[in-house]
Each structure stands twice: as C-alpha cells, then as structure tokens.
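Reading through the structure tokens given below for one structure.
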Amino acid sequence: MGVPLISSPSFLTLFLFSFMTLCLSPQHALASITRHYKFDIQLQNVTRLCQTKSIVTVNGQFPGPRIVAREGDQLLIKVINHVQNNISIHWHGIRQLRTGWADGPAYVTQCPIQTGHSYVYNFTIVGQRGTLWWHAHISWLRSTVYGPLIILPKLGVPYPFTKPYKAVPIIFGEWWNADPEAVISQALQTGGGPNVSDAYTLNGLPGPLYNCSAKDAFKLKVEAGKTYLLRLINAALNDELFFSIANHTLKVVEADAVYVKPFETHTILIAPGQTTNVLLKTKPSFPNATFFLTARPYVTGLGTFDNSTVAGILEYEFPPNTKTLKMKKLPLFKPNLPALNDTSFATKFNDKLRSLNNAQFPANVPKKVDKRFFFTVGLGTNPCSQHNQTCQGPNGTMFAASINNISFAMPNTALLQSHFSGQSNGVYTPDFPTNPIIPFNYTGVPPNDTMVSNGTKLVVLPFNTSVELVMQDTSILGAESHPLHLHGFNFFVVGQGFGNFDRNKDPAKFNLVDPVERNTVGVPSGGWVAIRFLADNPGVWFMHCHLEIHTSWGLKMAWVVLDGKLPNQKLLPPPADLPKC
C-alpha cells in the first residue's frame with residue numbers, strides 16, 4: 001500500500017526522504033517518514049440520482065482522496081481553499097498530542113481557511129494504527145468533503161489477526177439533491193427540522209435500489225477462498241446505520257482504530273464518526289451467485305429520517321478455465337437487516353465490543369478517578385427569533401440541543417488561540433457545570449419547560465486529570481441515541497444502561513478490565529453511557545454529537561486541558577500560517 005501521488009514535488013520529496021531513511025542502516029528500516037499531501041478545495045460537477053450539481057470537494061474527488069501512513073509517520077497536509085465557503089479539515093480520531101492547532105474544528109482549534117488562503121496541517125501519528133477518516137469541520141460541508149485515513153502498523157509489526165489478502169475502505173455517506181448548506185441554513189432560520197437526505201451512499205455511490213442509479217453502484221470484487229479486511233467508516237451526517245452482506249459472516253477486529261476481541265456477526269451497527277474493521281472470509285469456491293451488501297438507518301428519535309437503503313454488490317471473480325457466465329444471470333441474494341428501531345440488537349452488538357487487552361495491546365483503563373462529571377444530552381427549544389412569526393419547532397419555538405441544558409454558542413474567534421494567548425475574556429467562561437443545574441427525572445415524563453440556556457462555557461482540567469464522565473440521554477422532545485465524539489483523546493466505555501443512571505448502584509457493574517476504547521460512542525436512547533479517559537493532551541478539545549443537526553442546534557462543548565510541568569507536557573506554539581478570523 002503506497003501513498004497516492006498527489007503532486008509531483010510532494011511525491012519526489014516523499015520518495016527521496018523514504019529512500020534515504022531506509023538506506024541509512026538496517027536498524028533504520030523501521031524509522032518513520034514524513035508524508036506530504038496537497039488538498040485543493042474546489043468545486044466539481046457530480047451526477048447522482050439523475051441530477052447534476054456542483055459540490056465542494058478535495059482535488060475534485062468524491063469521496064475525497066485516501067490518506068495512507070504508518071504509525072509514527074509525520075503528515076504535512078497543505079489545504080488550499082479555492083471555493084467561496086470557509087473551510088477547515090478535521091483528522092477524526094488522531095490524538096494530536098501537543099498539536100491541537102492541527103485538529104481542525106472551526107472556531108475551536110483554528111479560524112477557518114478563507115477563500116484564496118491555505119494552511120498546512122502538521123501532525124505525527126503516535127501510538128495509533130487502524131482505520132480513521134478525515135472530514136470538513138464547519139457547517140455541513142462534510143456531506144461531500146470526507147475520505148479515509150488509513151494508518152498501517154509499523155513495518156514488521158503484524159496484525160493481531162489473520163493477515164488479509166486485500167484491504168478495502170467502505171465509506172458510508174448521505175446525499176442531498178439540494179445544496180446541504182441551503183438545507184441547514186433553512187432549518188436554522190425556520191427553527192424546524194432539516195429536509196432529510198435523498199439517498200445513502202457506499203463510496204459515494206447510491207446503488208441499484210435508488211431511482212436512476214443501477215450503474216452507480218459500488219462493486220466489491222473478490223476471489224474465492226480469500227480473507228478481505230473491510231475498513232468501514234460512517235461519514236453519514238445524521239444517521240446510525242446497520243450494515244450486512246447477504247450469506248456472509250463478518251468478523252469484527254477493530255473499532256475506532258483500536259483492536260478488539262474478535263467476534264463474528266451478520267450485521268454491523270455503526271454510528272456517524274465511528275469506524276469498524278471487519279474480516280470477510282469469502283466462500284471456498286465460486287458460489288454461482290452475487291450478493292447485496294446493504295445499509296439502512298437505525299432510528300430512535302421522533303423526527304423524520306431518510307427511510308431508504310443503500311446497496312452495493314459483492315461479485316466473485318470467475319474461476320479460471322471456465323466459460324464466462326453473465327453476472328446478470330446469476331441469482332442475487334439480499335441480506336436481512338434488523339428493524340429500523342431494533343434497540344435490542346444495537347445493545348447486544350455494542351456489548352460485544354471489548355478491548356484486546358493483551359501484553360502488546362493493553363487496556364490502560366484509569367482505575368482511580370480525580371474528577372467525575374454527569375452530563376445530560378438531548379433536545380430542547382429556544383424562543384422563536386422571528387418577530388411576530390411562528391417558528392417551525394415544537395409549539396412555535398425553535399429546535400435546540402444541549403449538554404446540561406447549555407446550548408453551546410460558537411465564538412467568532414478560535415478558542416485554542418484565546419486560551420494560548422491568555423485572552424479568553426469575552427470569548428468563553430471556564431464554568432461549564434459538572435452536573436445538571438436542575439436535576440429531574442431524565443427519562444421519565446418530560447418537564448413542561450423545554451427551553452435551554454445558551455453560552456460558551458468550557459471545562460478546565462489540570463494536566464493528567466483522570467476523568468469519569470456519565471452521559472445521560474433525556475426524554476425532553478423524545479429519547480434518542482446520540483453518538484458523542486471527543487476530540488484529542490480515546491476513552492474507555494466502562495458502562496452503559498437504560499433509564500436514569502444510579503450513582504449508588506451502577507458503578508459496581510463497570511467493566512474496568514477490557515472495556516472497548518474508542519473516540520465516538522452512542523449514548524443509548526433513553527439510557528446512559530459511562531466513559532473514562534486521562535487528560536494527558538494539553539489544548540482545547542471539542543466534544544459534540546456526531547449527528548450533524550444536533551451539533552448545529554448546540555449539542556456540543558469543549559474541554560481545556562492545561563499544560564503539564566515538563567516540556568513534553570506543554571502545547572506546542574501555533575504555526576506561523578495559522579488562519580486568522
């Protein structure tokens with residue numbers, strides 16, 4: 001697996017550097033290298049569902065280019081903005097140890113890159129290997145600006161599972177015939193829910209179950225008797241997805257770029273922001289059939305959703321020395337996916353995810369806790385901002401979303417810059433509540449007052465604080481699953497359950513031995529999830545629901561982690577080309 005040729009100078013630099021690194025001496029054969037990529041943000045005409053429209057892309061590609069690196073490599077990715085929209089790119093799941101300036105969320109770690117400007121994202125991959133991804137992190141531009149970020153193990157380090165014959169990224173997306181920027185703009189203006197997508201996609205293609213899309217289908221071509229590694233990435237904006245391949249079993253081996261205890265399943269549940277690596281062992285001989293691989297949503301909320309199914313086709317290569325049959329004449333098998341609201345399957349699937357926790361890949365779960373937090377997450381309302389008019393939210397209000405009833409107001413400048421320069425006054429306050437200000441029966445009969453408060457409040461943590469965070473879904477405007485993503489860290493999912501979290505009883509059931517380690521976790525619908533992490537990465541780190549509409553409505557917050565005392569525990573200074581607001 002090489003690095004794609006993005007531009008000749010970059011490739012030449014990479015080649016020469018790699019050559020010199022590998023030729024210095026035998027012991028340097030495992031040395032890391034610097035890899036250069038160039039991302040031109042540009043418009044591109046793309047046709048889907050028989051409609052052509054201009055979309056924002058990287059290098060004219062949809063989905064965007066694949067980034068491939070090895071654990072320990074340095075990445076220098078120059079992003080040049082040629083479109084009218086402001087842009088920023090997030091490297092989802094990369095720890096960004098001391099390099100928060102390269103994390104990417106607009107107005108959190110950087111001001112966005114404006115038209116005609118550029119920025120070089122400079123970071124090193126430390127202690128991570130597996131499947132991650134990158135995407136735009138401003139407004140709804142990630143609907144078309146996204147791609148895989150694949151980290152190979154260090155040279156000579158094997159996978160802790162069967163070495164695959166080939167690895168194939170499969171990235172789920174959502175497609176709107178309209179401009180997604182217009183969709184979210186209208187929703188925020190009217191206070192109502194956004195128009196749902198027109199299709200789901202596999203590697204940018206909607207597939208034969210949609211109108212006018214029989215030829216726009218992703219085809220997974222395989223040989224009999226081989227093992228394939230499928231790198232699954234959910235880049236959809238607003239939907240968790242079930243995924244299955246007809247008449248085939250999948251073996252889960254990794255989640256969010258962390259190895260897990262392998263287990264077999266016919267169906268995967270994957271939330272927006274999450275990645276899952278599975279092994280697909282093909283049939284021992286040509287099966288005289290083709291097979292659908294399909295995905296459709298797992299739905300828990302009360303709002304409207306895209307109730308459609310995306311399909312790709314698994315095709316076996318014909319055995320040698322046989323007369324070529326026509327694929328169209330072969331029978332086509334379709335998988336059985338769980339019901340749209342099958343929370344029982346979702347719970348059982350998530351319960352199976354456990355860290356590998358062996359000598360080579362230990363689960364370093366924080367055993368002692370320095371600071372405990374209890375956050376409610378859910379929907380709410382704001383008063384209608386249109387004078388003398390009725391908004392389209394509940395009872396004429398505007399939809400909102402919040403954590404501990406605070407709907408996060410994005411600042412006009414970058415939080416990290418304000419923190420680093422010591423000029424946070426007027427930008428944010430360090431008083432985000434540790435617990436809900438007014439406790440209530442979170443999953444019972446909802447309170448009459450659904451209004452949220454609005455503000456830019458942050459949590460401040462000393463370096464190396466051991467954190468336990470319980471996130472509790474609420475039934476305000478209906479219980480719903482929320483995939484929460486924490487930037488800058490992995491965390492351990494030590495417990496989850498339904499109903500209200502019981503501080504006296506539930507911690508006794510926590511798994512502190514081999515809990516799954518991830519960067520994005522679903523807060524169960526009508527339930528809670530408990531995570532632990534060590535705040536060992538100085539900077540300002542965003543945490544938000546990865547359902548994009550909920551982020552737009554304010555279901556987000558940020559953590560400030562202060563510098564430690566040692567030089568290697570301090571945030572590096574900002575790069576000279578950091579964008580300005």
Side-chain angles (χ1 to χ4, degrees), residues 71-72 91-97 103 125-133 149-154 157 159-161 231-234 251-263 265 268-278 346-347 349-370 373 461 464-471 482-496 507 509-524 528-537 541-543 546 559 561:
E71 179 183 346
W91 318 96
H92 185 113
I94 294 287
R95 285 288 320 268
Q96 299 291 3
L97 290 165
D103 190 42
I125 300 164
V126 180
Q128 293 183 274
R129 81 293 306 162
T131 302
L132 294 173
W133 63 300
L149 200 172
I150 293 161
I151 310 166
L152 302 173
K154 290 182 178 180
V157 178
Y159 293 117
F161 47 79
R231 301 178 179 274
L232 308 177
I233 301 164
N234 189 352
K251 181 182 278 188
V252 178
V253 293
E254 178 193 302
D256 289 357
V258 181
Y259 297 131
V260 298
K261 288 185 171 71
F263 67 91
T265 181
I268 300 295
L269 174 67
I270 186 166
Q274 292 183 337
T275 65
T276 306
N277 277 6
V278 299
T347 305
F349 179 82
N350 286 326
D351 283 346
K352 290 177 187 172
L353 292 165
R354 300 294 178 97
S355 286
L356 205 52
N357 190 32
N358 59 19
Q360 191 177 3
F361 302 104
N364 296 315
V365 191
K367 296 295 195 295
K368 74 173 185 67
V369 174
D370 299 321
F373 296 87
L461 296 170
N464 256 356
T465 301
S466 175
V467 175
E468 180 180 285
L469 167 62
V470 175
M471 292 180 281
H482 298 278
L484 263 289
H485 172 48
L486 175 60
H487 291 228
F489 299 93
N490 281 348
F491 50 76
F492 292 95
V493 184
V494 295
Q496 53 190 337
K509 295 177 274 190
F510 283 179
N511 174 11
L512 303 180
V513 177
D514 63 349
V516 69
E517 181 183 352
R518 11 189 16 149
N519 62 60
T520 305
V521 67
V523 179
W528 55 270
V529 66
I531 67 172
R532 288 188 181 182
F533 66 96
L534 188 65
D536 59 355
N537 194 8
W541 304 107
F542 207 25
M543 189 177 85
H546 225 282
W559 307 78
V561 178

So, for [X] and [Y], which heavy atoms are closest and what is the spacing to 0.1 Å?
X    : Y    : answer
A346 : L269 : CB-CD2, 3.4 Å
V253 : P262 : CG1-CB, 4.3 Å
G488 : W541 : CA-CE3, 3.5 Å
T265 : F349 : CG2-CE1, 4.2 Å

| Does any N or O in the side chain of N277 come within less than 3.5 Å of the main-chain N or O of G130, such that one atom is a donor and the other an acceptor? | no
| query | Is S466 reaching over with its side chain to a backbone N or O of P366, donor-acceptor style, under 3.5 angstrom? | reply | no
With sequence neighbours excluded, residues passing side-chain contact (heavy atoms from CB on, under 4.5 Å) with [X]:
X    : value
A257 : L132, E254
T465 : D370, K371, L461, P462, V467, A535
P515 : V365, F492, V494, N511
R95  : L97, Q128, F489, D536, N537

| query | Angle class for the W133/H546 ring planes (parallel below 30°, perpendicular above 60°, tilted otherwise)? | reply | tilted
| query | Parallel, tilted or perpendicular for H92 and H485, by the 30°/60° rule? | reply | parallel
| said: Run the salt bridge (Lys or Arg N to Asp or Glu O under 4.0 Å) test against E71 and tell me which residues pass, sequence neighbours left out. | reply: R129
| Qualifying residues under salt bridge (Lys or Arg N to Asp or Glu O under 4.0 Å), relative to D103, sequence neighbours excluded | none
| ring-ring contact (aromatic ring centres under 6.0 Å, His included) partners for F491, two or more places apart | none
| task | Would you please name every residue forming a ring-ring contact (aromatic ring centres under 6.0 Å, His included) with F373, sequence neighbours left out? | result | F375, W559
Atom [atom1] in [X], atom [atom2] in [Y]: separation rounded to 0.5 Å?
X    : Y    : atom1 : atom2 : result
N490 : I531 : CG    : CD1   : 10.5 Å
Q496 : W528 : CD    : CH2   : 7.5 Å
I233 : D256 : CD1   : CG    : 11.0 Å
E517 : L356 : CD    : CG    : 11.5 Å
K154 : I125 : NZ    : CD1   : 11.5 Å
L232 : N234 : CG    : CG    : 9.5 Å

Taking side chain as C-beta onward, heavy atoms only, is [X] less than 4.5 Å from [Y]?
X    : Y    : answer
V516 : V258 : no
E468 : F510 : yes
L152 : Y159 : yes

| field | side chain to side chain contact (heavy atoms under 4.5 Å, CB included) between K352 and V260, worked out | value | CA-CA 9 Å; K352 290 177 187 172; V260 298; over 6 Å; no
Counterpart residues, side chain to side chain donor-acceptor pair (under 3.5 Å), relative to [X] (two or more places apart):
X    : answer
K367 : none
N464 : none
Q274 : none
K261 : D514

| message | Please evaluate residues T275 and R231 with respect to the criterion side chain to side chain contact (heavy atoms under 4.5 Å, CB included), reporting the C-alpha separation (whole Å), side-chain torsions for both, the decisive distance (0.1 Å), and the verdict. | response | CA-CA 7 Å; T275 65; R231 301 178 179 274; over 6 Å; no
